[in-house]
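A note on names: the letters A, B, ... follow the listed sequences, proteins ahead of strands, and every chain is numbered from 1.
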Amino acid sequence: MLKIYNTLTRKTEEFQTLEPNLVKMYVCGVTVYNDAHVGHAMSAIVFDIIRRYLEYRGYKVKHVMNYTDVDDKIINRAKQLNEDPLKLSARYIADYAADLKSLNVLPATSNPQVSTTMPLIIQFIEGLIQKRHAYAASNGDVYFSVTSDDDYGRLSGRKLDDMQAGARIEVDEAKTHPMDFALWKAAKEGEISWDSPWGKGRPGWHIECSAMNLAELGEQIDIHGGGNDLIFPHHENEIAQSECYTGKDFSHYWIHNGMLQLGGEKMSKSLGNIISIKEFLSKRSSDIMRMLVLNGTYRAPLLFNDDTLDAAEKNVERLKSALKPASASASGLATDAFSVLDSTRVTAQTNFTEAMDSDFNTAGAVAALFELVKAINTARDNGATNAQLEPVQKVFRELAGVLGLKLEDKKGSSEDEAQVEALIAERTQARKDKNWKRSDEIRDQLKELGVTIEDSKDGTTWKWG
RNA sequence: GGCGUCGUGGCCAAGUGGUAAGGCAAGGGUCUGCAAAACCCUCAUUCACGGGUUCAAAUCCCGUCGACGCCUCCA
């Protein structure tokens, strides 16, 4: 039985879908105006793992991830670059999609955008006004009235009275209540805008997600996700809008990932302590980023530094060791040794599922993978044949795949590989001649080419990296 | 100040009432010309601190201290 921690109730609850075997999951995407960073990668990977696991458990998953392509920051940046805002955002949408692909994040089932959801957004706002949950203000903006929603604050656990005390923002006088938030913003001179019953303007940040949810998944969804920095105000406001509009409970489960920490602080655009996904991937593999996430708890802060990354890299290498074939001289495993291997295949699978079932305990799931690694490697050392190893390796690969790990070795060009093979042939001869000096020279040379070699009774194997 | 998450060995970290998973690092060993990898062994009488409940607590309750996030755009 899968259990999920639900931010809404602050409890771990049994997972039950609205419709049998179907999961409707909406995850807040990014605002596209510059390069995405590894904090975004963490979030994307967390929900990719959740999606992959739900599918592994037999659910069909409708996974929606939006792109915010209409926004103040996009407009400002477009102005700086003297570029059309929608062209700018289109560029970064393509860019982010490419980042996700290189991180081995499965594409969402759909990726709605604000700019193409405009009629529904306007219809949504009109509905809220009709139901007296929103009002058109004197300045041309439309605001959501927080006092019209009795439940306002239930996700973040805040009370309107508490919030006013700490509010430092200058309150727009057009608002009835200081916490009222914009559903529609009147266009300033020269800004990109859309026609609406309230004049030219564009949507506020929160309404887009309510509208896109409705368009893509309907009035009620199973899972709504995002970073925990979105709990307030974004998700709080989304709930308010959607539930006031439909009169129904919006999302059953709310899942929030913790923040990636760089030097003890959250990595964020406004703090400027950013490492972009591209920058990361130029130095380390996507598996390393993913392993970093897997080693931690998705809800907790994730430490991103050389130590944690080095450990993640070692973990990935260790996992890969299980995929090596039997040694050439393998003579087969004795019956009792084989039954040990085979029973580990079963128990590891069970442990994996139990870990993932308890609120996506990926660290526990990885531990189950390491059980398999040890069993496979021990079996290989004891002479297991490929026929004996492969069924276990197949399970291992499948489970690693559920976590989205590729476990691929780096590849070089065929010319480079030919060169490496030639050097290794020469070294093999040198070793036969017991010319250790030459043999070690070649090893050093290969190392400089980025090749690691391993000698065994059956010959020399090598890999990039 | 308010809301929330959390504090487990040198590091990352699992574990929510029955006596501390896993990985990294470290030390010893097997194998090897050496190295690397793999394998074997060692590595927390103890879970921020102080009280309490219980036959029994890292796990429940109260308090203290500390960290992080949110309260303003943010994954």
Side-chain angles (χ1 to χ4, degrees), chain A residues 5 7 10 12 27-31 36-47 68 71-73 153 155-159 161-170 179 205 225-234 236 256-261 264-271 291-292 294-297 299-303 305 307-315 317-322 324 327 351 355 358 361-371 373-374 376-382 431 434-437 439-440 443-444 447 452-457 460-463:
Chain A
Y5 180 85
T7 309
R10 292 186 202 94
T12 303
V27 181
C28 284
V30 293
T31 302
H37 59 70
V38 287
H40 298 119
M42 175 199 180
S43 189
I45 288 169
V46 163
F47 288 99
T68 299
D71 167 89
D72 281 345
K73 289 187 290 278
L155 178 69
S156 57
R158 290 154 209 261
K159 296 185 183 75
D161 295 343
D162 294 342
M163 285 188 280
Q164 284 181 76
R168 268 177 285 154
I169 32 165
E170 49 178 289
M179 294 306 293
W205 176 33
N228 67 13
D229 53 350
L230 296 181
I231 294 172
F232 191 90
H234 186 55
E236 191 70 72
H256 292 98
N257 64 274
M259 294 292 103
L260 187 139
Q261 303 285 123
E265 275 183 319
K266 165 186 167 185
M267 177 177 293
S268 85
K269 292 174 184 175
S270 47
L271 288 172
M291 183 54 80
L292 184 76
L294 290 167
N295 267 337
T297 310
R299 293 197 280 128
L302 180 66
L303 301 178
N305 58 48
D307 290 343
T308 56
L309 285 167
D310 285 348
E313 181 161 10
K314 291 278 179 54
N315 283 324
E317 289 308 312
R318 180 159 168 75
L319 289 180
K320 282 185 193 168
S321 74
K324 290 177 190 163
S327 61
N351 293 343
S358 58
N361 175 0
T362 52
V366 170
L369 249 38
F370 281 120
E371 286 175 47
V373 171
K374 183 171 272 190
I376 290 168
N377 287 339
T378 300
R380 187 192 302 101
D381 278 6
N382 291 334
R431 293 182 71 220
K434 297 200 188 298
N435 184 350
W436 309 127
K437 183 166 174 285
S439 160
D440 291 348
R443 182 163 60 200
D444 291 343
K447 194 171 182 183
T452 307
I453 58 171
E454 291 174 16
D455 296 328
S456 77
K457 283 180 206 140
T460 301
T461 57
W462 67 276
K463 62 177 183 181

Candidates [options] - which lies nearest the side chain of [X]:
| X | options | value |
| --- | --- | --- |
| A/M267 | B/rG22, B/rA75, B/rC71 | B/rA75 |
| A/K324 | B/rA75, B/rC71, B/rA37 | B/rA37 |
| A/T452 | B/rA36, B/rA75, B/rA13 | B/rA36 |
| A/Q261 | B/rC71, B/rC68, B/rC73 | B/rC68 |
| A/K374 | B/rC39, B/rA75, B/rC24 | B/rC39 |
| A/H40 | B/rG69, B/rA75, B/rA38 | B/rA75 |
| A/F232 | B/rA37, B/rC24, B/rC71 | B/rC71 |

Give me the distance, rounded to whole Å, that separates [N] from [M] when you measure between the [atom1] atoms they each carry.
| N | M | atom1 | value |
| --- | --- | --- | --- |
| B/rG28 | B/rC65 | P | 45 Å |
| B/rU46 | B/rG63 | P | 27 Å |
| B/rU19 | B/rC73 | C1' | 49 Å |
| B/rA21 | B/rU16 | C1' | 15 Å |
| B/rC24 | B/rA13 | P | 16 Å |
| B/rC31 | B/rC12 | P | 37 Å |
| B/rU53 | B/rG17 | C1' | 12 Å |
| B/rU64 | B/rA25 | P | 42 Å |

Is [X] touching bases, backbone alone, or none of the nucleic acid, heavy atoms closer than 4.0 Å?
| X | result |
| --- | --- |
| A/G157 | sugar-phosphate |
| A/S156 | sugar-phosphate |
| A/G225 | nothing |
| A/N295 | sugar-phosphate |
| A/V366 | nothing |
| A/I231 | nothing |
| A/L260 | base |
| A/H256 | nothing |

**Q.** Most 5' of A/I453 and A/F47 on RNA chain B, judged by nearest nucleotide
**A.**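 With A/I453 and A/F47 compared, the 5'-side residue is A/I453.
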
Q: Starting from the 5' end of RNA chain B, give me the residue, A/Y5 or A/G226, whose nearest nucleotide shows up first.
A: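 Its nearest nucleotide being more 5', the pick is A/Y5.
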
Please tell me if [X] has a side-chain N or O lying less than 4.0 Å from either OP1 or OP2 of [N].
| X | N | result |
| --- | --- | --- |
| A/N228 | B/rG69 | no |
| A/R299 | B/rA13 | no |
| A/N361 | B/rG15 | yes |

Can you tell whether the side chains of [X] and [Y] come within less than 4.0 Å, N to carboxylate O?
| X | Y | value |
| --- | --- | --- |
| A/E313 | A/R318 | no |
| A/K447 | A/D444 | no |
| A/E317 | A/K320 | yes |

Could you tell me which nucleotide pairs with [N] by Watson-Crick or G-U wobble geometry, both distances under 3.5 Å, or answer none if nothing does?
| N | result |
| --- | --- |
| B/rA37 | none |
| B/rG66 | B/rC6 |
| B/rG18 | B/rC55 |
| B/rU45 | none |
| B/rU72 | none |

Q. Can you list the residues that meet the side chain to side chain contact (heavy atoms under 4.5 Å, CB included) rule with A/D381, with sequence neighbours excluded?
A.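 Expected list: none.
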
**Q.** Contacts of type side chain to side chain contact (heavy atoms under 4.5 Å, CB included), residue A/V27, not counting sequence neighbours
**A.**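 Here the qualifying residues are A/M25, A/F47, A/H63.
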
Which pairs, protein N/O on one side and nucleotides 32-34 of chain B N/O on the other, fall under 3.5 Å?
| residue | atom | partner | partner atom | Å |
| --- | --- | --- | --- | --- |
| B/rG33 | O6 | A/R431 | NE | 3.3 |
| B/rG33 | O6 | A/S439 | OG | 3.1 |
| B/rG33 | N1 | A/D440 | OD1 | 3.1 |
| B/rG33 | N2 | A/D440 | OD2 | 2.8 |
| B/rC34 | O2 | A/R443 | NH1 | 3.4 |
| B/rC34 | O2 | A/R443 | NH2 | 2.4 |
| B/rC34 | N3 | A/R443 | NH1 | 2.9 |
| B/rC34 | N4 | A/D455 | OD2 | 2.9 |

Q. With sequence neighbours left out, what residues match A/E265 under salt bridge (Lys or Arg N to Asp or Glu O under 4.0 Å)?
A.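 Partners of A/E265 under the salt bridge (Lys or Arg N to Asp or Glu O under 4.0 Å) test: none.
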
Q. CG of A/L155 to NE2 of A/H234: how many Å apart, nearest 0.5 Å?
A.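 The NE2 atom of A/H234 is 11.0 Å from CG of A/L155, to the nearest 0.5 Å.
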
(Q) If I take atom OG from residue A/S156 and atom CD1 from residue A/I231, how far apart are they, to the nearest 0.5 angstrom? (A)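 Going from OG on A/S156 over to CD1 on A/I231, the span is 8.0 Å.
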
Rounded to whole angstroms, how far apart are [atom1] on [X] and [atom2] on [N]?
| X | N | atom1 | atom2 | result |
| --- | --- | --- | --- | --- |
| A/N351 | B/rG22 | CG | P | 11 Å |
| A/W462 | B/rA37 | CH2 | P | 18 Å |
| A/D381 | B/rC39 | CG | C1' | 5 Å |
| A/K159 | B/rG4 | NZ | C1' | 13 Å |
| A/L294 | B/rC12 | CG | P | 18 Å |
| A/E236 | B/rU72 | CD | P | 13 Å |

Tabulate atom names and distances for all N/O pairs under 3.5 angstrom spanning the protein and nucleotides 25-30 of chain B.
| residue | atom | partner | partner atom | Å |
| --- | --- | --- | --- | --- |
| B/rA25 | OP1 | A/K314 | NZ | 2.7 |

Going by atom type alone, with no hydrogens or angles, which donor-acceptor pairs under 3.5 Å involve a side-chain atom of residues 361-371 of chain A and a protein atom two or more places apart or on another chain?
| residue | atom | partner | partner atom | Å |
| --- | --- | --- | --- | --- |
| A/N361 | OD1 | A/A363 | N | 3.4 |
| A/N361 | OD1 | A/G364 | N | 2.9 |
| A/T362 | OG1 | A/L294 | O | 2.9 |
| A/T362 | OG1 | A/G296 | O | 3.4 |
| A/E371 | OE1 | A/N351 | ND2 | 3.3 |
| A/E371 | OE2 | A/N351 | ND2 | 2.9 |

Q: Give a yes-or-no answer on whether the side chains of A/N377 and A/S321 include a donor-acceptor pair shorter than 3.5 Å.
A: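 Distance-only check passes for A/N377 and A/S321.
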
(Q) Is it the case that the side chains of A/T460 and A/D455 hold a donor-acceptor pair, with the cut-off being a distance below 3.5 Å and no angle test? (A)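 Yes, a side-chain donor-acceptor pair sits under 3.5 Å.
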
